[in-house]
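Heads up: the structure comes next, in structure tokens.
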Amino acid sequence: SFYEELLSHGILEPLTAPIEGMVVKEGSCNYVAPQGISSIVKYYLKQSAGADVFYEQHVTRISLRDGKWEVSRKMGPPEQFDIVILTMPVPQILQLQGDIVNIITESQKQQLESASYSSRYALGLFYEAGTRIDVPWAAQYITDNPCIRFISIDNKKRNI
């Protein structure tokens with residue numbers, strides 16, 4: 001399984017740190033990525049044997065051309081791919097032009113249009129190495145505050 005592979009390579013570890021207020025379902029297991037969530041993506045890119053990764057590419061159109069997906073960008077010439085995986089927010093997917101518009105069924109389009117988002121903000125505070133924050137938890141869900149919902153001492157949560 002994916003979990004076993006990531007566990008065996010040290011990309012994931014079982015979450016052992018105490019998280020106050022976390023709802024735990026019987027039989028479920030939670031994991032943490034000690035080197036950060038991006039380590040999962042980096043691991044799979046490394047496994048891909050030479051995938052070229054380009055960042056900050058503004059995709060505008062996806063069309064099917066001779067059995068390949070032609071992807072047009074705001075800057076630069078179109079390129080063709082065997083597979084395209086969209087990870088952008090739904091509103092941006094719905095703005096794409098080309099054959100992708102005809103491939104998404106009306107039902108799928110309605111489901112995508114019904115997706116809603118709520119704003120989330122994060123604040124990171126960094127302390128000098130060795131600083132100890134003496135609390136019995138590594139993270140905590142906050143239920144009685146209108147602004148703060150979750151706090152975490154990341155090194156403690158990641159067990160590093």
message: Applying salt bridge (charged side-chain N to carboxylate O under 4.0 Å, His left out) to E13 and R158, what does each step give before you reach the verdict?
response: CA-CA 8 Å; E13 292 180 359; R158 296 183 192 194; over 6 Å; no
- request: Test side chain to side chain contact (heavy atoms under 4.5 Å, CB included) on E5 and H9 and set out the steps.
  value: CA-CA 6 Å; E5 180 180 354; H9 287 90; 4.1 Å; yes
- prompt: Taking it one step at a time, do I62 and L86 satisfy side chain to side chain contact (heavy atoms under 4.5 Å, CB included)?
  reply: CA-CA 10 Å; I62 300 176; L86 301 176; 3.6 Å; yes
task: Show your reasoning for whether side chain to side chain contact (heavy atoms under 4.5 Å, CB included) applies to Y43 and L6.
output: CA-CA 9 Å; Y43 170 79; L6 293 171; 3.6 Å; yes
query: Run the side chain to side chain contact (heavy atoms under 4.5 Å, CB included) check on F150 and I142 step by step: do they pass?
result: CA-CA 6 Å; F150 181 79; I142 310 294; over 6 Å; no
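Side-chain atoms of K157 do not come within 3.5 Å of backbone N or O of P18 as any donor-acceptor pair. The closest donor-acceptor contact from the side chain of R65 to the backbone of W69 lies at 3.5 Å or more, if one exists at all. Judged by distance alone, the side chain of Y127 and the main-chain N or O of I133 form no donor-acceptor pair under 3.5 Å.
Heavy-atom minimum distance, L7 versus L12: CD2-O, 3.3 Å. Across R120 and S118, no two heavy atoms sit closer than the pair NH1-OG, 3.0 Å. Contact detail for N30 and M22: the closest heavy-atom pair is ND2-CE, 3.7 Å. Listed here is the closest heavy atom pair of P34 and I160: O-CD1, 3.7 Å. Closest heavy-atom contact between L94 and E113: CD1-CG, 3.6 Å. Considering every non-hydrogen atom in both R73 and P77, the closest pair reads NH2-O, 2.8 Å.
Using a 4.5 Å cut-off on side-chain heavy atoms (C-beta onward), M88 and I93 make contact. When side chains are defined from C-beta on, V135 counts as touching K156, because their heavy atoms get closer than 4.5 Å.
Under the 4.5 Å side-chain heavy-atom criterion for grouping Ile, Leu, Val, Met, Phe, Trp and Tyr, Y3 is connected to I37 within one hydrophobic cluster. When hydrophobic clusters are built by joining Ile, Leu, Val, Met, Phe, Trp and Tyr residues whose side-chain heavy atoms come closer than 4.5 Å, directly or via intermediates, V32 is not grouped with I151. In terms of hydrophobic clustering, with Ile, Leu, Val, Met, Phe, Trp and Tyr side chains grouped at heavy-atom distances under 4.5 Å, L15 and V23 are assigned to different clusters. No chain of hydrophobic side-chain contacts below 4.5 Å, direct or via other Ile, Leu, Val, Met, Phe, Trp or Tyr residues, connects Y31 to I19. The hydrophobic clustering, which links ILVMFWY residues whose side-chain heavy atoms are closer than 4.5 Å, places L123 and I148 together.
To the nearest 0.5 Å, atom OH of residue Y141 and atom OG of residue S152 are 9.5 Å apart. Summarising the geometry, atom CD1 belonging to I83 is positioned 10.0 Å from atom NZ belonging to K68; distances are rounded to the nearest 0.5 Å. In this structure, CD on Q47 lies 10.0 Å from CG on L45, to the nearest 0.5 angstrom. Between N155 atom CG and T131 atom OG1 the span is 10.5 Å, to the nearest 0.5 Å. Within the model, atoms CD of E70 and CD of E79 stand 10.0 Å from one another, a figure rounded to the nearest 0.5 Å. I11 CD1 to K46 NZ: the interatomic distance, rounded to the nearest 0.5 Å, is 8.5 Å.
Counting heavy atoms of neighbouring residues, nucleotides and ligands inside a 6.0 Å radius, atom OH of Y117 exceeds 12 of them. Heavy atoms of other residues, nucleotides or ligands lying less than 6.0 angstrom from OH of Y44 number more than 12.
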Throw together a table of side-chain donor-acceptor distances under 3.5 angstrom for residues 95-107, partners on residues two or more places apart or in other chains.
{"residue": "Q97", "atom": "OE1", "partner": "R61", "partner atom": "NH2", "Å": "3.3"}
{"residue": "D99", "atom": "OD2", "partner": "L64", "partner atom": "N", "Å": "2.8"}
{"residue": "T105", "atom": "OG1", "partner": "Q108", "partner atom": "N", "Å": "3.0"}
{"residue": "T105", "atom": "OG1", "partner": "Q108", "partner atom": "OE1", "Å": "3.3"}

